[in-house]
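None of the values given here were measured: they were computed from a predicted structure.
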Amino acid sequence: MFRVLFLLFIIMPIIEIMVLINVGALIGALPTIVLVIVTAWLGAKMVRQQGLATYQSVQHKLAQGQMPSDEIIAALLLLVAGVLLLTPGFITDGFGLALLWPVSRGAIVKLVQQQLAKSQKNGSAFFYTNVNQQQDFQDFYQQQGSQANPFQQNDDVIDIEADSKTIDADKNNKRIE
């Protein structure tokens, strides 16, 4: 893990600076700066567009009662793509654009799902999914013998809604509440 973080936070910025200097030497400083700003702007626009499409896909799957696992991973990848595209540099822009491309993002989603399944199979990761969560909570409280069961019926409580109104009792405008 240390090697990955070292690569990301020390080596990658050094490489990005070298590439920016070389591109600046080839096309000039101002065009390089404009190119970095334009790629960040276009990247943010594309991430927003694809993020909204992914959000709609999540809503559609949830409405059908399906788990949107592909879409959740794709949304996380779009978040990473947005961060990479907003980071100044051409290498990070390349990785960000690769994550925006639906074909490569789909392949990465499948790879992530395979890794998660592998981690779950060998016991290094645990995932909890539940259709009837309230029933499981009730079972948990019954097993624990807890008095703080929020699902326990309490016949001593009467829940009502009431409004206070004034009534004119007589002509002297005495109010009775």
Side-chain angles (χ1 to χ4, degrees), residues 1-134 136-137 140 144 148 150:
M1 186 65 173
F2 176 75
R3 290 180 184 170
V4 173
L5 291 175
F6 182 77
L7 178 71
L8 284 176
F9 293 111
I10 303 297
I11 302 299
M12 195 66 186
I14 293 171
I15 294 171
E16 284 284 9
I17 290 170
M18 288 174 36
V19 170
L20 284 170
I21 289 172
N22 287 332
V23 170
L26 286 174
I27 64 173
L30 188 60
T32 302
I33 293 170
V34 169
L35 192 58
V36 168
I37 292 171
V38 167
T39 57
W41 178 75
L42 284 174
K45 189 173 181 178
M46 291 172 64
V47 167
R48 182 178 183 266
Q49 176 190 15
Q50 291 190 19
L52 288 173
T54 302
Y55 177 73
Q56 289 174 347
S57 180
V58 166
Q59 292 289 331
H60 180 71
K61 279 211 170 177
L62 287 174
Q64 292 180 340
Q66 299 174 352
M67 180 62 158
S69 60
D70 291 356
E71 288 80 4
I72 291 171
I73 296 172
L76 290 173
L77 291 175
L78 286 172
L79 177 67
V80 171
V83 169
L84 290 173
L85 286 166
L86 289 175
T87 303
F90 296 113
I91 296 173
T92 55
D93 287 348
F95 285 124
L97 288 173
L99 289 176
L100 279 180
W101 191 35
V103 175
S104 63
R105 190 173 62 241
I108 294 171
V109 165
K110 297 298 178 200
L111 182 70
V112 168
Q113 287 178 332
Q114 289 172 355
Q115 285 298 110
L116 289 173
K118 186 177 173 183
S119 298
Q120 185 177 15
K121 197 174 202 178
N122 68 19
S124 63
F126 297 98
F127 302 99
Y128 181 72
T129 59
N130 191 355
V131 176
N132 192 0
Q133 192 172 16
Q134 182 173 346
D136 280 353
F137 281 128
F140 171 77
Q144 299 298 320

| note | Gly24 and Thr32 have their tightest heavy-atom pair at CA-OG1, 3.1 Å
| task | Write down the atom of Gly96, the atom of Ala81, and the distance for their closest heavy-atom approach. | result | O-CB, 3.6 Å
| query | Does a side-chain heavy-atom distance below 4.5 Å link Gln66 with Leu62? | reply | no
| query | What distance separates Asp70 CG from Thr54 OG1, expressed to the nearest 0.5 Å? | reply | 11.0 Å
| task | Give, for atom CG of Leu111 and atom CG of Leu116, the distance between the pair rounded to the nearest 0.5 Å. | result | 9.5 Å
| message | Once rounded to the nearest 0.5 Å, what's the spacing between atom CG of Leu78 and atom CZ of Arg48? | response | 13.5 Å
| request: Spell out, as yes or no, whether a donor-acceptor pair under 3.5 Å connects the side chain of Ser57 to the backbone of Ala53. | output: no
| field | Spatial distance of atom NZ (Lys61) from atom CD1 (Ile72) [nearest 0.5 Å] | value | 10.0 Å
| message | Tell me whether Phe95 at atom CZ has more than 12 heavy atoms from other residues, nucleotides or ligands lying less than 6.0 Å away. | response | no
| said: Gln64 vs His60, test: side-chain hydrogen bond (donor to acceptor under 3.5 Å, both in side chains). Steps then yes/no. | reply: CA-CA 6 Å; Gln64 292 180 340; His60 180 71; 3.0 Å; yes
| request: List the steps, then state whether side chain to side chain contact (heavy atoms under 4.5 Å, CB included) holds for Val38 with Val34. | output: CA-CA 6 Å; Val38 167; Val34 169; 4.1 Å; yes
| Value rounded to 0.5 Å, distance of CG in Leu35 from CD1 in Ile27 | 5.5 Å
| task | Using a 4.5 Å cut-off on heavy atoms from C-beta on, say whether the side chain of Lys121 contacts that of Lys118. | result | no
| Taking every non-hydrogen atom, the tightest pair across Leu99 and Leu77 | CD1-O, 3.8 Å
| So do the side chains of Phe6 and Met12 get within less than 4.5 Å of each other, counting heavy atoms only? | no
| request: Flag yes if more than 12 heavy atoms outside Gln59 fall under 6.0 Å of its CD atom; otherwise flag no. | output: yes
| query | Side chain of Glu16, backbone of Thr92: donor and acceptor closer than 3.5 Å? | reply | yes
| note | For Leu100 and Gly43, the nearest pair of non-hydrogen atoms, with its separation, is CD1-O, 4.3 Å
| Considering all heavy atoms of both residues, which atom of Asp93 and which atom of Thr87 are nearest to each other, and what is their separation? | OD1-O, 3.7 Å
| query | Just by modelled atom types, is the Tyr55 backbone N or O under 3.5 Å from a matching donor or acceptor in the Glu71 side chain? | reply | no
| query | Rounded to the nearest 0.5 Å, what separation is found between the OG1 atom of Thr39 and the CG atom of Leu85? | reply | 7.0 Å
